[in-house]
Amino acid sequence: MDNIKYDHAKIEKKWQDRWEKENIYFPDLSQAKEHFYNLWMFPYPSAEGLHAGHTFASTGSDVFGRFIRMQGKAVFQPIGYDSFGIHSENYAIKIGENPNEVVKRTTKHYEEQMRSLGHGYDWRHTVTTSDPDYYRWTQWLFLKMWEAGLAYKKLATVNFCPSCKTVLADEQVMTPAQAGKEPKDANGEVVPETPETKVCERCGTIVEKKDLDQWFFRITKYADDLLEGLEKIDWSSRVKLAQKNWIGKSHGMLIKFKIENSDDEIEVFTTRPDTLNAVTFIAISDEALYNRESTEKIGEPTGKYAIDPLSGRKLPIWKTNYVAPGYGTGAVMGVPAHDERDMEFAKKYHLDIVQKDPDQKLWKEIEDKKFGYPHTNFHLRDWLVSRQRYWGAPIPMINCPKCDWVAVPEKELPVLLPNISDYKPEGTGKGPLANHKEFYQVTCPKCGGDATRETDVMDTFVDSSWYFLRYPSSNIESAPFDKEITKRWLPVDLYFGGAEHSVLHLMYARFVTKVLHDLKLLDFDEPFPKFFAHGLMIKDGVKMSKSKGNVINPDQYVSKFGADTLRLYVMFLGPMDASPDFRDSGIEGMQRFVARLWKLFNEASITDGQPSKEVAHKLNQTVKKVTEDMYNFKYNTAIASIMELMNTLEDNKTRNLSASILKSLALLLAPFAPHLAEEIWVKILGQPFSIHKANWPKYDNSLIGSDTVTIIIQVNGKLRSHLVVSNKQSTKKEDIETLSKKDENVAKWLKNHGIKKVIFVSGKLINFVI
RNA sequence: GCCGAGGUGGCGGAAUGGCAGACGCGUAGGUCUCAAAAACCUAUGAGGCCUUAAACCUCGUGAGGGUUCGACUCCCUCUCUCGGCACCA
């Protein structure tokens with residue numbers, strides 16, 4: 001037995017080295033004709049290593065890439081690291097090391113892990129977003145935005161954690177339950193939670209609001225384009241809907257109200273101008289009241305009155321906390337009869353309530369009489385890209401007392417991020433770079449006078465908004481992306497990633513692509529025509545996360561069971577878009593499957609002869625099923641049918657197995673278990689290296705149907721018996737009906753009953769209705 | 001509150017109008033062994049019938065109703081779970 005033990009450690013390493021040496025996964029990017037850009041969202045190195053959830057996702061992508069490569073296409077499958085940004089920086093701070101050093105170490109380990117899993121990445125085209133060769137072009141992108149008038153600076157309210165002394169991204173502010181923390185005040189005292197309590201993801205401290213000067217990208221200008229573009233891309237409706245809701249387009253009108261005893265007017269946005277006849281007050285947003293974030297509606301009368309343009313009634317104007325600032329005009333018309341929120345407010349403050357039916361004619365009347373005009377509003381806000389942090393790409397702008405904001409000339413890029421020791425955020429409203437004169441003290445590129453550099457860095461989502469453009473051109477120094485290569489390889493053929501990026505990353509990448517398209521730098525305007533959202537891995541029923549302490553490190557499984565067993569196991573857990581639960585017990589079953597396969601190939605007497613009918617039939621069925629499942633990312637059922645095939649072959653083992661059958665089986669296994677399949681292909685079947693360049697097996701439809709068919713016999717829809725007949729006979733209603741009636745068990749049910757109707761589905765079933 | 005996805009054996013899951021539970025895990029019994037592990041074989045939704053076995057029957061896909069010759073699958077109502085958004089006028 002020992003001589004056929006599968007030594008996964010030795011065999012996997014051997015083939016990984018040979019694949020790399022012989023450039024199996026490195027397509028010639030300038031030549032390839034039939035090409036396929038297969039992309040998995042790059043990870044951010046915010047931990048020492050990747051966890052099993054990454055293994056599930058990256059393997060899912062790799063399996064597809066291998067499958068497509070075996071269809072004869074040149075597959076470009078790159079990988080990199082989203083290494084700038086708050087996640088990586090926070091991790092560095094937590095372990096008390098400089099992010100420059102941490103990222104070097106963690107990305108190295110990530111690479112080792114991905115290599116050990118046997119992923120077919122093109123290691124000659126990796127990107128690391130914190131590398132100056134990369135962020136130089138992130139800064140270039142900022143300049144393009146600036147030139148196009150799509151970057152601007154303005155005062156904005158941002159989230160601030162008084163304990164971490166830093167500004168937080170919106171996605172790092174959450175409810176205490178989401179953070180898994182008890183809410184604390186700035187002094188670290190636990191305080192009672194209210195429905196509005198929003199805390200810092202990391203420490204659970206209640207976030208404060210601060211007003212700071214911030215850089216924005218004008219994504220709102222592309223709101224309609226982003227919405228319309230969704231129509232032509234092949235994404236799941238769930239993800240499209242999330243983007244649609246985020247963009248939040250609503251049609252309505254802006255209506256003007258004159259203010260009593262004044263020349264001023266107040267303008268409100270409404271989607272219901274047909275209810276103007278029931279308006280009784282005007283509610284305006286008030287930052288101070290709004291920031292108290294109470295669920296109870298509160299307000300204060302301003303003492304002023306607006307005039308209803310229809311009836312001339314006086315409408316009191318109230319400052320309230322329930323009108324969102326920054327949306328529409330920040331003012332709404334109060335219509336208690338048709339809006340629950342207005343009703344709640346009107347009741348509390350004893351405002352008038354007028355019951356009148358909505359009148360669709362008002363849309364036209366308001367416009368005709370010039371009380372207002374049609375207007376479309378969006379929920380989408382401009383993209384805040386400033387971060388008062390250290391670990392990001394410096395924003396390439398210079399502030400000159402004479403010339404205002406001046407862009408750093410393109411040829412002076414990159415603006416290097418200095419390696420400093422005081423990189424921790426201080427919470428002063430400025431980033432750590434503001435403490436470094438040698439960084440910010442510069443001369444104005446325009447007038448030559450003394451000027452100061454911007455000391456904020458860019459949001460990490462800017463880094464990841466264009467990285468897919470860089471991969472094929474990663475070795476080009478003169479441009480962010482080469483024109484010819486980009487034309488050949490983009491857009492991405494399949495983008496594989498987590499649904500948690502449904503809005504942010506995927507929206508930003510689409511926006512940036514559309515901007516570059518409008519600047520005539522790209523000839524497509526959607527970066528990911530096909531996106532597949534995989535599920536998130538669960539461990540023992542709960543989401544895998546560092547804070548819950550249930551993160552699984554794949555390394556121990558690779559060393560104990562081997563990459564192929566682990567790959568097969570995670571792919572077998574369930575369909576790719578589900579959330580599989582990682583349990584240790586199941587992986588041993590997969591180890592058994594691998595051992596049985598190995599034994600089958602080693603013990604079989606391989607012949608050149610034709611396979612038996614039964615085996616040929618099963619093989620063709622399996623090839624068809626696996627091929628179809630691959631395109632639908634239903635790897636679990638693909639593997640199940642390979643198992644069935646193996647079970648059939650084991651039953652036939654005493655007979656000799658034909659080489660053609662074994663070759664097909666090896667090919668079907670190749671995407672899932674690349675090392676095992678290669679070893680079998682080259683060493684046992686004597687085929688030329690490499691199986692991963694071989695052609696995917698074809699199936700013959702004529703061999704899928706067997707000679708006989710089982711017909712189901714039902715009485716009143718209940719299964720009563722079966723009938724095994726020849727293919728030909730199975731389509732003849734009269735024959736089947738006669739044979740069925742002779743069946744003892746069927747006859748029993750038909751006895752003493754008249755047959756009302758006979759339903760016959762050719763080749764499948766017959767149903768007697770009695 | 002709104003939107004979306006979902007509820008199938010002891011467990012992961014399969015079947016998308018036609019044999020419910022493929023495939024795997026687990027469990028039980030067996031073979032091998034001094035013994036154990038491993039490996040292999042057999043059984044495995046619940047219940048009934050039966051000396052035993054085969055065969056057969058009833059029930060069964062969150063609950064209730066409907067459409068259909070036939071429903072896990074389609075429609076309606078309810079319920080629970082998970083995910084996203086959340087005073088957006």
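Below, chains carry the letters A, B, ... as their sequence lines are ordered, and counting in each starts from 1.
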>> Surrounding CD of A:Glu340 (heavy atoms of other residues, nucleotides or ligands, distance under 6.0 Å), is the total greater than 12?
In response: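 No, CD of A:Glu340 has 12 or fewer neighbouring heavy atoms, counting only those of other groups under 6.0 Å.
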Does this structure show an ion pair linking [X] with [Y], if we count only N-O contacts that are shorter than 4.0 Å?
X: A:Asp308; Y: A:Arg313; result: yes
X: A:Glu344; Y: A:Lys297; result: yes
X: A:Asp339; Y: A:Arg272; result: no

Please state whether the phosphate of [N], meaning OP1 or OP2, lies under 4.0 angstrom from any side-chain nitrogen or oxygen of [X].
X: A:Tyr327; N: B:rA89; answer: yes
X: A:Arg238; N: B:rG84; answer: no
X: A:Asn636; N: B:rC23; answer: no
X: A:Lys718; N: B:rC59; answer: yes
X: A:Asn647; N: B:rG24; answer: yes
X: A:Arg720; N: B:rC56; answer: no
X: A:Ser641; N: B:rC23; answer: no
X: A:Lys240; N: B:rG84; answer: no
X: A:Lys757; N: B:rC69; answer: yes

Of all the choices, [options], which nucleotide is nearest to the side chain of [X] once you look at every atom?
X: A:Tyr322; options: B:rC19, B:rA89, B:rC69; result: B:rA89
X: A:Phe572; options: B:rG26, B:rC23, B:rA15; result: B:rC23
X: A:Lys599; options: B:rC3, B:rA14, B:rA39; result: B:rA39
X: A:Arg596; options: B:rG18, B:rA89, B:rC40; result: B:rC40
X: A:Val761; options: B:rA89, B:rG24, B:rG18; result: B:rG18
X: A:Arg592; options: B:rC3, B:rC23, B:rA39; result: B:rA39
X: A:His379; options: B:rA86, B:rC87, B:rG18; result: B:rA86
X: A:Phe269; options: B:rA15, B:rC87, B:rA89; result: B:rA89
X: A:Val323; options: B:rA89, B:rA15, B:rG70; result: B:rA89

Between [N] ([atom2]) and [X] ([atom1]): distance, integer Å:
X: A:Asp274; N: B:rA89; atom1: CG; atom2: P; value: 14 Å
X: A:Lys634; N: B:rA14; atom1: NZ; atom2: P; value: 7 Å
X: A:Asn716; N: B:rU68; atom1: CG; atom2: P; value: 15 Å
X: A:Tyr635; N: B:rG13; atom1: OH; atom2: C1'; value: 18 Å
X: A:Leu597; N: B:rG24; atom1: CG; atom2: P; value: 12 Å
X: A:Met576; N: B:rG12; atom1: CE; atom2: C1'; value: 15 Å
X: A:Ile712; N: B:rG17; atom1: CD1; atom2: P; value: 15 Å
X: A:Phe582; N: B:rC11; atom1: CZ; atom2: C1'; value: 16 Å

Indicate, with yes or no, if the rings of [X] and [Y] have centres closer together than 6.0 Å.
X: A:Tyr557; Y: A:Phe582; value: yes
X: A:Trp383; Y: A:Tyr508; value: yes
X: A:Trp318; Y: A:Phe345; value: yes

> On RNA chain B, nearest-nucleotide positions of A:Phe768 versus A:Trp246: which is more 5'?
Replying inline: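 Result: A:Phe768.
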>> Quick check: on RNA chain B, is the nucleotide nearest A:Ala640 upstream (toward 5') of the one nearest A:Thr637, or the reverse? Name the residue that is more 5'.
In response: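 Final value for this comparison: A:Thr637.
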>> Going by the glycosidic torsion and a 90 degree boundary from 0, is the base of B:rG9 oriented syn or anti?
In response: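 Syn for B:rG9; the angle stays within 90° of 0.
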>> Let's test your reading of the model: under 3.5 Å, does the base of B:rC69 pair with the side chain of A:Lys756 as donor and acceptor?
In response: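 No, the side chain and the base share no sub-3.5 Å donor-acceptor pair.
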